[in-house]
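To start, the structure under review is shown below, and the notes come after it.
All heavy atoms count here, side chains included; hydrogens, waters and symmetry mates do not. Because the structure is a prediction, the values reported are computed rather than measured. Order of the sequence lines sets the chain letters (A, B, ...), proteins ahead of strands, with each chain counted from 1.
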There are 2 protein chains.
Amino acid sequence: MRDVFVAGIGETPMGRYPERGLHAMIEEAGSQAIREAGIDPARIGAAYIGNFAGQSLTGQAHLGPLMAETLGITDVPALRVEGACASGGLALFQAVQAIRHGIHDVVLVGGVEKMTHQTTAVVTEALTSAMDVEFEAQSGLTFPGIFAMVANRYFHEHRNVRREMAQVAVQSHDNAALNPHAQLRKRIDVDKVLSAPAIADPFGLYDCSLVTDGAAFMVLTADSLLDAPSAPRRIRITGSGHGGDSLTLHGRQSQTSFKATRQAAAAAYGQAGRSAADIDLAEVHDCFTITQIINTEDLGFFEAGRGGDAVAEGRTTREGDKPVNTSGGLKAKGHPVGATGISQAIEIVTQLRGQAGERQIAQADIGLTHNLGGTAGTCVVNIFEGE
Amino acid sequence: MRDVFVAGIGETPMGRYPERGLHAMIEEAGSQAIREAGIDPARIGAAYIGNFAGQSLTGQAHLGPLMAETLGITDVPALRVEGACASGGLALFQAVQAIRHGIHDVVLVGGVEKMTHQTTAVVTEALTSAMDVEFEAQSGLTFPGIFAMVANRYFHEHRNVRREMAQVAVQSHDNAALNPHAQLRKRIDVDKVLSAPAIADPFGLYDCSLVTDGAAFMVLTADSLLDAPSAPRRIRITGSGHGGDSLTLHGRQSQTSFKATRQAAAAAYGQAGRSAADIDLAEVHDCFTITQIINTEDLGFFEAGRGGDAVAEGRTTREGDKPVNTSGGLKAKGHPVGATGISQAIEIVTQLRGQAGERQIAQADIGLTHNLGGTAGTCVVNIFEGE
């Protein structure tokens, strides 16, 4: 197994940019990552791009060669991987594997999604393609509805964490207010979350992640190629895990703990020789506030049923012992679906480099990203360490 | 580098089955491949599925966990790869890499597409997502139009091969007539092709591949796992190459020779230690009749500009020295887009095993598959050898 280094990162600001096309966003983020890596693009051996809903929302699939042409690297074999909202994480997982197992020495990996030019109805239908259409969507379920069922089941099995869910949103907005790349840079309070318009009981508007345009890219390299580190500190990806499960929620033993997360985390922790206790900070897939609470339990940060307590006690804030979503998360930094898994990784790299500005946390040596697809049918966990 | 063996194959009949869902097709083809491999499904380390237009045509993405749940292997991390019409080939390329580089010992790989339940207009729009939508599709181009431009350019650079294109279709129909899995099992003649309704000059109806429902799967294993060969002859994948190019046709130096093919073929030949002359038979991506002619030139079977002559001389028939598309090809076996790359591989394995029945060719020791995406922005070439 070879070491995997992050040689360069680049992302667009996340937000509503309906006038920007896929090409423009890929060009901005991708060329920024290549430039930062300071590597001759001819050395890139393969390129992977995560994208979820391009075909539905923009009529554009086949993003591998689109990316290659846009970035002027048409000799690089390029392909798209898709695993719903975990598409970016899956692309990163593929890229890490390619370096780790000696298939390539330099890999470009990115993600992109263009969403806000469409109506809510079109976006909702596109997102619904991440659940089982023949079995689940036929019932009229959409994602707020299916995760609301998860929340209510969690209330039944553990306890009602409605107030702690609201605190998740508040903490994410607090972080996003300090992130120049975030879509929503305004602070909110618990009362605002609890009194927001209802979406699907128990969720109100502020329990749901955003619809976002954006792209995020990284260049990964094998150790030997990094002649001149491009950043104040070299960052290694020491573990990368991909977990699966049934596509349907009804196909599971548990609806309040996600096997895909546990499987991906076990693989990543095992590779890195780390445990949950070693992780200084994490970007965790908070498509809904309840999902963040469940994920922090499945990742081993907190005991099952105690994720809400940890939020209430401030443990997941920037000053806590386990800061979560210092970027603002999907909730407030934004959720450009196919790019999210890479955007999470960029936050971790930025924190580990000590370049997170006003939102920099004090202790940032080992970070983790957790990217979920659908109702947790797919999960990718990556572990990053500063040298 | 480790050896890669084909342990099991399975596919649905190709055709118009609008009443069949994605689950049903995956179940039939996938469980057949697993059964034939005679391997405990718990040994499968990863699963890859090729699918191109599921989101547009069925509202279903996130096919990794759908496949895993359908086949009862939800502990297997599964993901979808997409490269337009080369999605199946790309999935196979990923699977081969995973075994070759020691990432996994047993891999399931498949492809699926459900198309015929939709109108021609919807299918045409979905297929158009394989070209550059912002630059090409905006002009009103669809794929028959863009490949017709390629054909006319070929006529200009070399010579008019309209009659030889018709012979490509006739030969494919001749083969499909002997293939129980083929969608169109009727023979046609050159006059029928030349007098068919026009699609896009110079193409008539019979120059174009089909709209098809179908799924195809394979189980690949590392050498050490094959305790009991399941077939009369063990088949090895000795070379696998992925080539790229610009997404747009206008981004190329040549419109009549595809760099992605040449790049993928060079990689596959190099790995296998073989040359074009060693190939006994090939399944070649004949989305349009001209494409087959160009591909056989780019693969090195025939000189540039001489692919038409080879067809006219009967060299690509089952009795020729370089049989092409003995299955009937995309033209007559069918083109279930995301499954096509795997379906091509199944024909080669079937021929190499000597199990192709009435369409069996005499000399079948080394076979090649060539799978193209979009206007050749993506290409995958695989080489198969019988022991």
Contacting region of I73(A) [heavy-atom separation from chain B under 4.5 Å]: neither
More than 12 heavy atoms from other groups under 6.0 Å of CD on E19(B): yes
Heavy-atom neighbours of E125(A) CD exceed 12 at 6.0 Å: no
Contacting region of A53(A) [heavy-atom separation from chain B under 4.5 Å]: both
Option in A78(A), G64(A), G72(A) with maximal non-hydrogen atom pairs under 4.5 Å from chain B: A78(A)
Heavy-atom contacts under 4.5 Å, residues 129-143 of chain A to chain B: S129(A), A130(A), M131(A), D132(A), V133(A), E134(A), F135(A)
Atom pair CZ/CD of R252(A) and E69(B) - distance to nearest 0.5 Å: 8.0 Å
Chain A contacts, top residue of T70(B), V81(B), T248(B), V76(B) (heavy-atom pairs, under 4.5 Å): T248(B)
Nearest non-hydrogen partners of D75(B) and Q263(A), listed with the distance: O-NE2, 2.6 Å
Among A68(A), A61(A), G377(A), residue most engaged with chain B (heavy-atom pairs, under 4.5 Å): A61(A)
Summary of side chain to side chain donor-acceptor pair (under 3.5 Å) pairs that have at least one residue in residues 77-89 of chain B, sequence neighbours excluded: R80(A)-E82(B), E82(A)-R80(B)
Choice from L90(A), L63(A), T378(A) maximising heavy atom contacts with chain B below 4.5 Å: T378(A)
OG1-NE2 distance between T128(A) and H62(B), expressed to the nearest 0.5 angstrom: 13.5 Å
Working for side chain to side chain contact (heavy atoms under 4.5 Å, CB included), residues L79(B) and Q94(A): CA-CA 10 Å; L79(B) 65 89; Q94(A) 293 288 307; 3.2 Å; yes
Among G244(A), G241(A), P77(A), A47(A), residue most engaged with chain B (heavy-atom pairs, under 4.5 Å): P77(A)
I103(A) portion near chain B, given a 4.5 angstrom heavy-atom threshold: both
Side chain to side chain contact (heavy atoms under 4.5 Å, CB included) between L247(A) and Q60(B), intermediate numbers included: CA-CA 11 Å; L247(A) 184 59; Q60(B) 182 71 68; 3.8 Å; yes
Atom pair CZ/CD of F52(B) and Q55(A) - distance to nearest 0.5 Å: 5.0 Å
